[in-house]
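Down below is the structure, laid out as structure tokens.
The sequence lines fix the lettering, A, B, ..., with proteins before strands; numbering per chain opens at 1.
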Amino acid sequence: MSAPRYSNVDPNALAKHFDSTEAEKRWDAHWQALGLHRWDESRGRDETFVVDTPPPTVSGSLHVGHVFSYTHTDVIVRQQRMRGKNVFYPMGWDDNGLPTERRVQNYFHVRCEPTEPYVADLVLEEASAAQKKERPRLVGRKNFIELCHQLTTVDEQAYRSLFTRLGLSVDWRQTYETINDRCRKQAQLSFLDLHAKGHAYLSFAPTMWDVDFQTAVAQAEVQDRPKQGHFHHIEFTVEGQPDTFVIATTRPELLPACVGVTAHPSDARYQHLFGKKALTPLFGVPVPIFPSELADPEKGSGILMVCTFGDQTDVLWWRSEKLALRQILGKTGRLEPLTFGNEAYPSADAAAANAAYAELVGKNTEQAKKAIVELLRNPGPTGRAPLVKEPEPVNQAVKYFEKGDRPLEFLSTRQWFARLIDKKAELLEKGREIHWHPEFMATRYRDWTENLGIDWCLSRQRYFGVPIPVWFPLDASGKTDFDHPILPTSEQLPVDPMADTAPGYQESQRGQPGGFVGETDIFDTWFTSSLTPQIGSHWLLDDERHQKLFPADIRPQSHEIIRTWAFYTIAKAMLHEDSVPWHDVVISGWILDPDRKKMSKSQGNVITPMHLFDEHGVDAVRYWAASARLGADTAFDPQVFKIGRRLTTKLFNAAKFVLGHQGEVGPITHELDRAFVQKLRELVEKASRSYDDYNFAQALQDTESFFWTHFTDTFLELAKPRAWRTADEGQKQYSEAERSSAIAALRLGLSVLLRLFAPVLPYITEEIWSWAFAAESGQPSIHRAS
RNA sequence: GGACGCGUAGCUCAGUUGGUAGAGCACCGCCUUCACACGGCGGGGGUCACAGGUUCGAGUCCUGUCGCGUCCACCA
């Protein structure tokens, strides 16, 4: 048995300082040559670690928040790889949705018009200022998608170079764009599966509608914003009675859409009115007065009008009381032409009602509000003005589309939904099967799921996105038969029903009586995003691969999209395969600027990340990111980069010392050395436990603290005399055994600490590893050393 | 209005099952000794948001209050 060989370095041959930029390039190339980050598809599920990477929205803007959260994932991934796991770490680009749609429209000065035919050889450049003054060019959906590819390819490159520079150990062979053929196919397969299982349905029902984007929106895309409104106190009369009462409303313009009046059943002021009919002022429309527990006697006058539709509660009352549908608002948010005195809009005085409505028609809600207030100032049937006093300001919370500028309206439109309300119990159960990091984030999922009010509205009336793969037959009179949708086979996907012919028909039959029409709507972008685990695993396209990659191990994401991305992903996995999509969710916090505000582009406080790498070194930036606990918001603090930098420098210098000693390395026999090794062992156990719990911040802190306190400040100084083995001025002369024990302990300590630091500081640790340990261990990269 | 998180040194943050308050930065002083001045050694600095409670003992557990943040909430 030959003595093990040990490699040394000549400290004088090494650079005085660690050149991080040069090392980053060198080791990136090394890892690429080794294929270090590649997923090995031949290995089984149990030895594989699968990441459901968040596909960033490709819009060309990158900020330090990306650096922060993606580093968290990479630290976890690198640790798993060192544990011997076969890592599947893909990258997706989310180029499906409104941000891309807007950017492409702007850049090329085009508009998507699904009815436009496809132009095979369309070549467009960035539009000039002069071109942008003209009308935008109309292009078909397929051309629009191609333009999207053209533009996002550039953006993807920018993202990739940032992520590469950051040292993300992504397997770049596993990339996808959410709008590419395969993802569109998988989204449409998902729909076919939901439809076949009865989870997807078509409904003509009131849904939340954005009048600017002119599309339906889902509950998850809605946010409340404070808004100042005005209470308008309006007097109603009662049919066949002398009674009157006053309602308070912030939306007087919906008076023509009033279909009922309600108050709390125990409200003594109004009990005598229940069962009677009220007559609306100006329009003289008789509407039922009914009691409802949902009416709050404390709000306004305690009695209110129900309109189609002022808000979500109106929808509830409309359903439960089977009230009439009088929809005055059109999809553009303006009051549509209609006639009072017919069955839908009955009136005691049709002529007066139509005259009043003529003042409102064509106006938007704000304009109509002003106009109707003026009308209500005129004397009514009682001889008094229905507007009994001047409007009073009131603060209210109003629902907006998260990307919209005007309040949402409730319109009755045709939409596709996925059934979720009746599956809350199962959804909650799946949420409990998943481990949330930090744990309290599970509450957000639970609360959202428990309070879900409406099914998932899947359809959007937009142009760019994944088309809903459905056609409808037209009957002999040319009327659309929505009850018998025509679906493609899975082999035909992806399809665009506006461009592709319905199965069993000729293209010439499009729009003709007895022919067909294509569904114009596209999917909610979350419909595709909620499939990222299945997109990674090639669900329904490659069964063997799917078995090896699904469910995934971790889903990294931020907390504000628990109700959307996490929720819908859980819902999809449950509906499709009755499975969880992943076992663990790791939630990164936000980066706050020094004033504790969230960094965002719109607030102009974004710090672009690239220069941080040049200035501090990638390892130092990663150190900053990894110092933050999962779920905790962190202030942007350049001071922490400096600490990270100091750590890499110290590692560099300590390694120079430890590995600079020539000669044999003996067994660890000295008492001091054995004590050190014992402490080292305890550190490894503790840090490993932390890493296993995805608590890398704790592992880093413990390792760092040990490194400074026990290694450099204490043990290294204690071991120095023996390592040098000098006998200056009467000092003790150490034996060869004492010397070689010290060297062995120092090398062991360094090698262990390097490996504990490696997930966070991949470059400096790889650099030092290469000096000696790579040759000794036969493992050319520390990132595979266990 | 509800839920969740946070509140510890001037700043950024740790504080495991309760057991005498910690680190780094910043500040002050000393030291160029052969891994490192991108260092080392030493020092000052805190009513642990506030008020009660449990306990021999509370930064830690319980209750309440205040402040900050996030998410949610039926627009009268």
At under 4.0 Å between heavy atoms, what does [X] touch on the DNA or RNA strands: base, sugar-phosphate, or nothing?
X	answer
A:Asp224	base
A:Lys399	sugar-phosphate
A:Gln698	sugar-phosphate
A:Ala295	base
A:Thr712	base

[atom1] atoms of [N] and [M], separation to the nearest Å:
N	M	atom1	result
B:U65	B:C4	P	14 Å
B:C66	B:G59	P	23 Å
B:G44	B:A35	C1'	31 Å

Opposite nucleotide pairing with [N], Watson-Crick or G-U, both atom distances under 3.5 Å:
N	value
B:C56	B:G19
B:G69	B:C4
B:G64	B:C50
B:G24	B:C11
B:C34	none

| query | Nearest to the side chain of A:Ile643 - B:G24, B:C41, B:G39? | reply | B:G24
| message | Counting only side-chain heavy atoms from C-beta out, which of B:G5, B:C74, B:U16 sits nearest to A:Phe440? | response | B:G5
| task | Hey, could you give me each pair passing side chain to side chain donor-acceptor pair (under 3.5 Å) that has a residue in residues 314-326 of chain A? Not counting sequence neighbours. | result | A:Ser292-A:Trp317
| message | Would you say that A:Ile234 contacts A:Thr249 through its side chain, given a criterion of any heavy-atom pair below 4.5 Å between the two side chains? | response | yes
| task | For a salt bridge (charged side-chain N to carboxylate O under 4.0 Å, His left out) with A:Glu409, tell me which candidate from A:Lys399, A:Arg251, A:Arg334 qualifies. | result | A:Arg251
| request: Report yes if a donor N or O on one partner sits less than 3.5 Å from an acceptor N or O on the other, where the partners are the side chain of A:Thr443 and the base of B:C4; otherwise report no. | output: no
| task | Output yes when at least one side-chain N/O atom of A:Lys650 is less than 4.0 Å from OP1 or OP2 of B:G40, else no. | result | yes
| query | Taking only N and O in the side chain of A:Lys720, is any of them less than 4.0 Å away from OP1 or OP2 of B:C34? | reply | no
| note | Within residues 258-266 of chain A, the residues having a heavy atom closer than 4.0 Å to RNA chain B are none
| query | Does the side chain of A:Glu560 pick up a donor-acceptor pair with the side chain of A:Trp590 at under 3.5 Å? | reply | yes
